[in-house]
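Some notes on the structure that comes next.
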Number of protein chains: 2
Amino acid sequence: MVSTDMQNSFTEENYLKIIHSLSGREGLEVSTNALAESTATRAASVTDMLRKLAEKGLIHYKKYQGVRLTDLGEKVAIKVIRKHRLWEVFLVEKLGFGWDEVHDIAEELEHIPSEVLVEKLDAFLGHPRFDPHGDPIPDSKGNLTEPDYLILTDVHISEKVLMMGVLDHAPAFLQYLDRSNITLGCIIEVKEINDYDKSAFVQINDAHTLFISLEVSKNLLVQRL
Amino acid sequence: MVSTDMQNSFTEENYLKIIHSLSGREGLEVSTNALAESTATRAASVTDMLRKLAEKGLIHYKKYQGVRLTDLGEKVAIKVIRKHRLWEVFLVEKLGFGWDEVHDIAEELEHIPSEVLVEKLDAFLGHPRFDPHGDPIPDSKGNLTEPDYLILTDVHISEKVLMMGVLDHAPAFLQYLDRSNITLGCIIEVKEINDYDKSAFVQINDAHTLFISLEVSKNLLVQRL
DNA sequence: ATATATTTTTAGGGTAATCTAAATTTTTTA
DNA sequence: TAAAAAATTTAGATTACCCTAAAAATATAT
């Protein structure tokens, strides 16, 4: 069994988490530039860090070829994601933060190292399966099963779906959803779709109706009833 | 009004916290060597950091003269202490950690920057006034009033006192107290004191009795009933 | 009061993570 | 497929924090 207990820095953990998220379910190669954008650093800095992560056996890296996580890197990334999402649940459920307010704080809390802390936090929260944005929380063994949500753009007219999550976590978007009474678990019925710009007329919880742009539809994760 | 919102690093915050604790209630000068010992670094490194903290207006520093916190430095230190103690309450009261297990984790959590987080955590915990070791928690305005506890060595024979806190936070000491059923709030009656080594025979909660060494007595904070 | 011991500071470096600018490799396009 | 464009890497610095060794200041002791 390979040890996952080595110490990774705050910065290394962030790279791993971002590589995980950018490489998606299929584990595609992630480019240096994409990482530079996501880490808000310069490509040259990314190259330096990639060499380091490769030396530690956390990524597969060949010059000019992009990177993928190794199994070890994946484990570390998933641990960080688990911590991030559990802390988000804590902040929303226990401390009363809004779902638009918790990202930056969880970004800090996710790097607190204690394993036993994570497990006790998980138990305290009642082993939640999803975070406040609908993202699945990896279990303590590191199993992360992404539910196969639809995007609202894939829903046909007069279908009713359950709102399950968001792709964009930006506060401005989440606040817009709050103002529109679109919350996790609400029922969305697509009443009309405008052919020209794909904006839609939807009904929320069989009650109020509103227009939403394609940009909004693209960022709403839903499930058929 | 002077801003206290500038960003201080993890390391800077630790120095301020340690200076606060070493300079005591009277705000005595703290020596470079004492700081080197408490920060587990070399005296030369301490000198570097002291120059930096002085430039930021956080400490009063004259070469070879030792340091004191400025009002600003005191404010920052007290904020860190507030966070540390609130997180310790959370870890013990909500997550079920023992009082001997929480120090290192709180040492990390205390540097999470959000002010809102601290205030919401404080409210969630019910505005506790003391941490799990009996140390007072500064209020949101930064007022820290150290209660005037006695040390058990100052208690006379046949006096009954209330156990209020510990001076030594070492896990080994706290575990010894657990095994001896000495907990915050228990009643301690001094039955006998050995003239030679000042070890004492005490009764806990009017129930079981035990011998404790001077070393133990020196680290128990108590209050007359 | 002067020599000795201790404490503290300075000088000169090292590492992690970042940067800019230049060089190199890969990709795209004509 | 060769030239141009884009992406990536290398080279050389910078900042924060830490180090060792040596110098300087202060404290102690005879």
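What you are looking at is a predicted structure, and each value in this text was computed from that prediction instead of being measured. Proteins get letters first, then strands, A, B, ... in listed order; numbering begins at 1 in each.
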Below 4.0 Å: OP1/OP2 of D:dT9 and any side-chain N or O of A:Thr47: yes

Between N or O atoms, less than 3.5 Å apart, protein on one side and nucleotides 13-15 of chain D on the other: list the pairs.
none

If the sugar-phosphate is the primed atoms plus P, OP1 and OP2 and the base is the rest, what is the B/S/- string for nucleotides 21-26 of chain C, using protein heavy atoms under 4.0 Å? B--BSS

Please identify each residue that fulfils ring-ring contact (aromatic ring centres under 6.0 Å, His included) with A:Tyr176, with sequence neighbours left out. none

Could you check how far CE of B:Met49 sits from C1' of C:dT8, rounded to whole Å? 17 Å

By the 4.0 Å heavy-atom rule, please label B:Thr11 as base, sugar-phosphate, or nothing. sugar-phosphate

For residues 21-34 of chain A, which residue pairs qualify under side-chain hydrogen bond (donor to acceptor under 3.5 Å, both in side chains), counting only residues two or more places apart or in two chains? A:Glu29-A:Arg68

Which label fits A:Phe124 and B:Phe90: parallel for a plane angle under 30°, tilted from 30 to 60°, or perpendicular past 60°? perpendicular

Salt bridge (Lys or Arg N to Asp or Glu O under 4.0 Å) partners for B:Glu110, two or more places apart: B:Lys17

Going by the rule salt bridge (Lys or Arg N to Asp or Glu O under 4.0 Å), which residues pair with B:Asp135 if we only count those two or more places apart in sequence or in a different chain? none

For residues 93-106 of chain B, pull every pair meeting salt bridge (Lys or Arg N to Asp or Glu O under 4.0 Å), keeping only residues two or more places apart or in separate chains. none

Taking only heavy atoms on the protein side, list every residue of residues 32-40 of chain A lying under 4.0 Å from any atom of DNA chain D, sorted numerically. A:Thr32, A:Asn33

Nucleotide C:dT8, atom P - distance to NZ of B:Lys62 in whole Å: 16 Å

What ring-ring contact (aromatic ring centres under 6.0 Å, His included) pairs are there with at least one residue in residues 38-72 of chain B, not counting sequence neighbours? none

Taking only N and O in the side chain of A:Tyr61, is any of them less than 4.0 Å away from OP1 or OP2 of D:dT9? yes

Does A:Ser45 make a side-chain N or O approach to OP1 or OP2 of C:dC19 shorter than 4.0 Å? yes

With the side chain defined as heavy atoms from C-beta on, B:Arg51 is closest, among C:dT10, C:dT18, D:dT8, to C:dT10

With sequence neighbours left out, what residues match A:Ser199 under side-chain hydrogen bond (donor to acceptor under 3.5 Å, both in side chains)? A:Asp197

Whole angstrom value for the distance that separates P of C:dT15 from CD of A:Glu12: 16 Å

For the pair B:Phe130 and B:Tyr149, name the ring-plane relationship: parallel under 30°, tilted 30 to 60°, perpendicular over 60°. tilted

With B:Arg42 via side chain to side chain contact (heavy atoms under 4.5 Å, CB included) - residues at least two apart: B:Ser45

Does the side chain of B:Arg42 get closer than 4.0 angstrom to OP1 or OP2 of C:dT8 through an N or O atom? no

Gap between atoms CD and C1', on B:Glu29 and C:dT7 respectively (whole Å): 15 Å

Not counting sequence neighbours, which residues clear side-chain hydrogen bond (donor to acceptor under 3.5 Å, both in side chains) with A:His133? List them please. A:Glu88

